[in-house]
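For this chain, numbers begin at 1 and follow the sequence in order.
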Amino acid sequence: MTELTSVWTPLDIGPTRVKHRIMQSAHSLYFAENGLLSDRHIAYYRERAKGGTALLVTGGHFADALTENSFYCRVWDPAAVPRYAQLADAVHEHDCTLFVQLFGLGSQHTRGTELIDEFYPPWAPSAVPSLWTGDMPAVVEQEQIDTVIRGHADSAENVRAAGLDGVEIHAGHSSSLVGQFMSPAYNKRADAYGGSPAERCQLPIEIADAIRARVGTDISVGIRLSFDEFKADAGITAEISAEQLETLAATGLFDFFNISGGGYDTLHIAVAPMTVDEGFLLPFGKRAKEIVGERGRVFIVGRILDVAMADDAISTGAADMVAMTRAQIADPFLVKKTREGREREIIRCIGANECLARNFEANDLVCMANPQTGRERQWGHGTLELVEPPEAKRVTVVGGGLAGMRVASVAALRGHEVILYERAGELGGHLNLLRRLPTRAGWQVAIDNLVRAMDVAGVDVRLDTEIGSRDITDESADSIVCATGATYDSTGFSPARAEREVMPGTEQENVVAVDVATARALEDGAALGRRILIIEETGYYLPLGLAELLAGAGAAVEILTRKVRAGEDTMRTAEAGHVFPRLAAAGVKITTEHFVESIEGSTVNAYDIWGNSPREIGGVDTIVLSMTRSPNDMLYRELKGRLPDVRRIGDALAPRVPLTAIYEGEELGRRI
């Protein structure tokens, strides 16, 4: 057992005792079926309870009929009680506590058009348009406020009836209606619900009072807050939070205060990606604890990925409970593995934020690092079908990227004899470029996860080994898996110009694909010259990271894309709020809605895609193409038909995102 002291001590949270100090805070799953908890929900929470966490908080369940849509569960409805009772049984079986987060949509989170037969306006405390949708909300009056208060009380009563342990009022992140009442950026009211920081606490106080009137002290009651919205003086600041925490704690209504940061305007902080330091919100927790004292428990979040950091946070007074939320999305058995001294088996969160990206697409939650997440019913702990020695196969995997490593470890764990060949001297595939770029060290964590899993499973890994079709035929393997990856194209082909297969001029020596350019720049920042143009239409981080690297070495860099936004995938993962300010500070020029007609020597002939005047970009030393990729599937095609069982997965099948490569490795490894 790892030698930690503070984190494993029990804690009383109002009437509820938790067995230790590690929890998982609320996060959206999108598993609801007809507004109710689904079997997928119950399996997800059961897995984390089984994995040893002390406290789970369900992600945003609707507390009233006024501010709901089709995405989440309803808790205000009495029809929901039986499903919550099933959830209570599932987590209590493993001595785990569960609170339900009570949530209502504010103007940032909805257009009010999700339910086809029930359009409604987005509701807000004041007439402040949504930053996300641009829609002007309807301002709540006392009638709507009363509905919200009553709904929260009904919800708490249903939670108690189901046998669950507590409720959390969501008043953070400027996404919830209650959270918008707390913020000066959204609450411009002059009535009893607006004004000073303390007066903006009126709605959550009335909600908590109504809950207490309904359930007394039978269950725990708490609130989630953004300690700083990071909107400068426009939003909640640390100074405002100090006054609001004092106001809330003085009521005696709250058993706990769950401290977060950021909001829908600043999601790159609220759900911080790998760019951000681990434990970056711990000072907020410490300040909150100083204010609250013994009047309530303080929970803290913020990229806390290591149990040792959680232990230190508690021992130094930064919090009473530590939320390792994405860490337990990635590995639901993080606690159990740590306590049993099996840390090397932990699948560590890398901060890729695919979980967040799926949230904004209203898709079921998944994890890039762990394809079992969200699929606990069929792929959870204990579902791996082991093979007996007589049925064990000899499996050859070619390619040590994400897909190859995952299929190798899963197949070997089941009992197959697995050999993995990688022609390079290191594992990781194309991530070996990404991990070496500024702020991308998290990708090394992804590689390490997969390498450790192969080591634990007993995969025979052979590096620096180029293996051809004849070599594989001579091996007499039962199954061949081609996970040979993909290569960036140097033709300049784009689906936006389907009439031409090649961009004129791409045959020149000063035109290179982004992977080749990145490899050169990592060796020598001046290798591509003093002026570089990156033609970008993948939407991914690599060309942005290359631009940052080159600009840092003193080059003049321009990114040109035919799309409305360069690196659009970084918006999904919340990296945009970090990388684009750095690019701007480095002097990188970004030109959108332009494309290239031709390249002539050091001149690039570009045009506005909407038909405006052409643009000539001269004096360019290197043109970098970050466009299409093609699968490296030659080995697969040579073997297909010659051997009985040949598969291809990951980018060798079709170049896509890391999420799909690891998923396909898991899926195939389970059925070989």
Notebook entry, point to check: Does a side-chain heavy-atom distance below 4.5 Å link T592 with R565?
Noted result: no
Any luck finding a side-chain donor-acceptor pair between S130 and D135 under 3.5 Å? no
Between V481 and the options V397, L420, T396, the side-chain contact (heavy atoms from CB on, under 4.5 Å) test singles out V397
Fill in: Residue E501 excluded, over 12 heavy atoms near CD under 6.0 Å
no
Fit a plane to each ring of Y72 and Y30, take the angle between them on a 0 to 90° scale, and name the class: parallel (under 30°), tilted (30 to 60°) or perpendicular (over 60°). tilted
Shortest non-hydrogen pair, F493 vs M627, comes out as O-CE, 3.6 Å
Would T487 and S630 count as a side chain to side chain donor-acceptor pair (under 3.5 Å) if you check the C-alpha gap in whole Å, the side-chain angles of each, and the deciding distance to 0.1 Å? CA-CA 5 Å; T487 305; S630 295; over 6 Å; no
Any side-chain heavy atom of T506 within less than 4.5 Å of one from V502? yes
salt_bridge(D633, R648) N-O dist < 4.0 Å: yes
**Asked** So does E575 pair up with R582, basic N to acidic O under 4.0 Å?
**Response** no
query: Is the closest side-chain donor-acceptor distance between T237 and D228 under 3.5 Å?
result: no
Q: Kindly determine whether D651 and R629 satisfy salt bridge (Lys or Arg N to Asp or Glu O under 4.0 Å), including the steps that lead there.
A: CA-CA 9 Å; D651 288 348; R629 288 189 295 160; 2.9 Å; yes
Looking at R572 and D569, is any side-chain nitrogen of the basic one under 4.0 Å from a carboxylate oxygen of the acidic one? yes
*asked:* Test your reading of the model: is there a side-chain donor-acceptor pair from E597 to the backbone of A606, 3.5 Å cut-off?
replied: no
Could you check whether D277 pairs with R303 (Lys NZ or Arg NE/NH1/NH2 to Asp/Glu carboxylate O, under 4.0 Å)? no
Closest non-hydrogen atoms of G235 and S183, given as atom of the first, atom of the second and distance, are CA-OG, 4.1 Å
For E278, the salt bridge (Lys or Arg N to Asp or Glu O under 4.0 Å) test, sequence neighbours excluded, returns none
Check whether F595 forms a cation-pi arrangement with R497 (NZ or CZ under 6.0 Å from the six-membered ring centre, at most 45° off the ring normal). no
Under a 3.5 Å cutoff, is there a donor and acceptor pairing between the side chains of E229 and T266?
no
Tell me whether R656 is salt-bridged to E664, with the criterion being a basic N under 4.0 Å from an acidic carboxylate O. yes
The complete set of salt bridge (charged side-chain N to carboxylate O under 4.0 Å, His left out) pairs with one or both residues in residues 529-542, sequence neighbours excluded, reads E537-R562
Under a 4.0 Å threshold between the charged nitrogen and the carboxylate oxygen, would E426 count as salt-bridged to R435? yes
For R462, is there an ion pair with E422 - N to carboxylate O distance below 4.0 angstrom?
no
Looking only at the side chains, is there a donor atom on one of Y541 and T439 sitting less than 3.5 Å from an acceptor on the other? yes
Rounded to the nearest 0.5 angstrom, the NE2-CD1 distance for H173 and I236 is 10.0 Å
Residues L522, L433; criterion side chain to side chain contact (heavy atoms under 4.5 Å, CB included); working and verdict
CA-CA 8 Å; L522 286 166; L433 280 180; 3.9 Å; yes
